[in-house]
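Written below as structure tokens is the structure these notes are about.
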Amino acid sequence: MTRWTLSPDRIPSAWFNVAPHLSKPMDPPLHPGTREPVGPGDLAPLFPAALIEQEMSTEPWIDIPGEVLDILRLWRPTPLVRATRLEQALGTPARIYFKDESGSPAGSHKPNTAVPQAFYNAQEGIRRLATETGAGQWGTALAFACSQFDLDLQVYMVRASYEQKPYRRVAIQTWGGAVVPSPVDDPAHPGSLGAAISDAVRDCVAREDTHYALGSVLNHVLLHQTVIGLEAKEQLALAGERLPDVVIAPCGGGSNLGGIAFPFVSDADVRLLAVEPLSCPTLTQGRFEYDFGDTAGFTPLLPMYTLGHDFVPPSIHAGGLRYHGDSPLVSSLVRDGRMEAVAYPQGKVFEASVQFARTEGKIPAPECGHAIRATIDEALAAKETGEEKVILFNYCGHGFLDLSAYDDYLNGRLPDEQG
Ligand SMILES: *Cc1c(COP(=O)(O)O)cnc(C)c1O
């Protein structure tokens, strides 16, 4: 067998909180004005109380509400697949498994957190959400989730994507969301994720009926994504497989990585590997310090690896990995040596993505291609040593709305990367 599915009643009933497993407690977020630790009251204009509680929680497990499970069951549990055709093509003794998150309504892992975020906001009586989106994956995921709870949604979309990549904008509108290009006050600017966050936060604080929602970086977002790793662990056991030697995922803000990797954090022999673009090398070349989450400096200061909040990454195809900062939880694991990080230029990433498409058949999102690159390199290293390495990676999204990126790669139009 090469594909393991769990029956719908085996969907995890609680999220795994990594916070109590860290070697030291997290440093708190700081208020952008006073630089004092942020309390729940400071976050209340932005988030519902339940999410603020999750953000600060050190409980080991947090129950998933039944209303959330009912929607997650539209596509969960997701399959665990053994990539035997890729193994054969590489001639590796490694056993390669991937967790396929591409079958969700939005085609990525992001609905795993969009659904609970929409639920807790609706439960608190909020009528409208404001958010940002880069290439559009988060905007589409949240638009789907808002449609399930009758919430209005305003999306600020990075202008370059808004103009060049219409399909995710159309998907957001199909689910009932409203989209405008960002930055709203500078129509000549191509935009950035940090600037779009500023636009969304500004919208939110100006209206009583509106909250803000973030698709990555924050503790509660990574918490919601742990269904990925929890299911994968159970499926590996079902496959008669031992624990993986290495768990691999691409890292933009850290949510799909945290989602698959955190449930393995206490398994000391399991390596955890973050993969990022060489052109936005937050974990591999950034500094660990307090920084703003956005460009304008509206958000709390977070302790994280950062390239500086005014860093504007070059416009690579893996739009979801173009963020100056990183999840504080992921940052803290990297700083403490529990998690490793590696960076690749996008040409090497597309080479791996095409090899995957021609063996396993699936065309990955460019973000996902980063994990595939690292997986192939781990499998080739195992071939050198003859090691029967077990590799698990997160297939965090499909590439059907990114085919113009493949067109550029196949026709030699990817820019030579400086980094
Ligand atoms: C958004 C996105 C990412 C990057 O975000 P993380 O929070 O780091 O997971 C990676 N892959 C896909 C498919 C995405 O949509």
Side-chain angles (χ1 to χ4, degrees), residues 78 98-114 117 131-144 157-158 161 165 167-168 171-172 193 196-197 213-229 247-262 272-277 280-283 293 304-305 313 316-331 333-334 339 341 343-344 346 349 353 362-374 393-402 405:
T78 63
F98 64 91
K99 182 70 169 153
D100 187 357
E101 293 295 307
S102 71
S104 78
S108 77
H109 64 284
K110 288 201 172 72
N112 295 331
T113 183
Q117 290 194 44
T131 198
E132 72 290 331
T133 197
Q137 287 105 328
W138 171 239
T140 53
L142 194 60
F144 155 69
M157 186 166 184
V158 173
S161 302
K165 300 185 175 171
Y167 294 122
R168 288 208 177 87
I172 292 168
L193 206 51
I197 295 176
L214 192 63
S216 187
V217 180
L218 297 181
N219 303 345
H220 67 266
V221 179
L222 276 70
L223 174 81
H224 299 156
Q225 294 294 353
T226 58
V227 290
I228 304 171
V247 177
I248 302 175
C251 185
S255 74
N256 89 90
L257 167 68
I260 194 161
F262 286 174
L272 310 176
L273 178 59
V275 192
E276 57 185 17
C280 191
T282 316
L283 295 170
M304 61 184 177
Y305 279 98
I316 52 164
H317 287 296
L321 306 185
R322 290 178 71 231
Y323 184 60
H324 69 269
D326 235 306
S327 144
L329 287 169
V330 163
S331 294
L333 289 169
V334 170
M339 187 178 270
Y344 286 106
Q346 65 176 343
V349 167
S353 302
K362 290 175 159 287
I363 300 180
E367 292 85 358
C368 177
H370 287 72
I372 297 174
R373 175 76 265 165
F393 80 87
N394 199 23
Y395 190 83
C396 53
H398 67 66
F400 281 119
L401 294 180
D402 304 283

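Counting starts at 1 for both ligands and their atoms, in listed order.
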Those atoms of ligand 1 less than 4.0 Å from some heavy atom in G252 | 8 (O)
Does any N or O atom in G254 lie less than 3.5 angstrom from one in ligand 1, N or O only?
-> yes
N/O donor-acceptor pair under 3.5 Å between S161 side chain and K165 backbone | no
Would you mind running through ligand 1 and noting each atom that sits below 4.0 Å from a heavy atom of S216?
-> 6 (P), 7 (O)
Short question: side chain of E276, backbone of L283 - any donor-acceptor pair under 3.5 Å?
-> yes
Between Y323 and G293, is there a donor-acceptor pair closer than 3.5 Å when you use the side chain of the first and the backbone of the second?
-> yes
Identity and distance of the protein heavy atom lying nearest atom 4 (C) of ligand 1 = G320 O, 3.3 Å
With heavy atoms and a 4.0 Å threshold, my read on which part of H109 contacts ligand 1 is side chain
Please work out whether any backbone atom (N, CA, C, O) or any side-chain heavy atom from C-beta onward of S255 is under 4.0 Å from ligand 1, and answer side chain, backbone, both or neither.
-> both
If only atom types and distance count, is the side chain of T133 paired as donor or acceptor with the main-chain N or O of G139 below 3.5 Å?
-> yes
Can any side-chain N or O of K99 pair as donor or acceptor with the backbone N or O of G229 at less than 3.5 Å?
-> no
Rounded distance (nearest 0.5 Å) linking atom OG of S255 with atom CG of L329 | 11.5 Å
Does K110, backbone or side chain, put an N or O under 3.5 Å from an N or O of ligand 1?
-> yes
When T113 is tested against each of H109, K110, Q117 for side-chain hydrogen bond (donor to acceptor under 3.5 Å, both in side chains), which residue passes?
-> Q117
For C396 and ligand 1, does the shortest N/O to N/O distance drop below 3.5 Å?
-> no
Which protein heavy atom lies closest to atom 10 (C) of ligand 1, and at what distance to 0.1 Å?
-> E367 CB, 3.5 Å
Would you mind listing which atoms of ligand 1 come within a distance below 4.0 Å of any non-hydrogen atom of C251?
-> 8 (O)
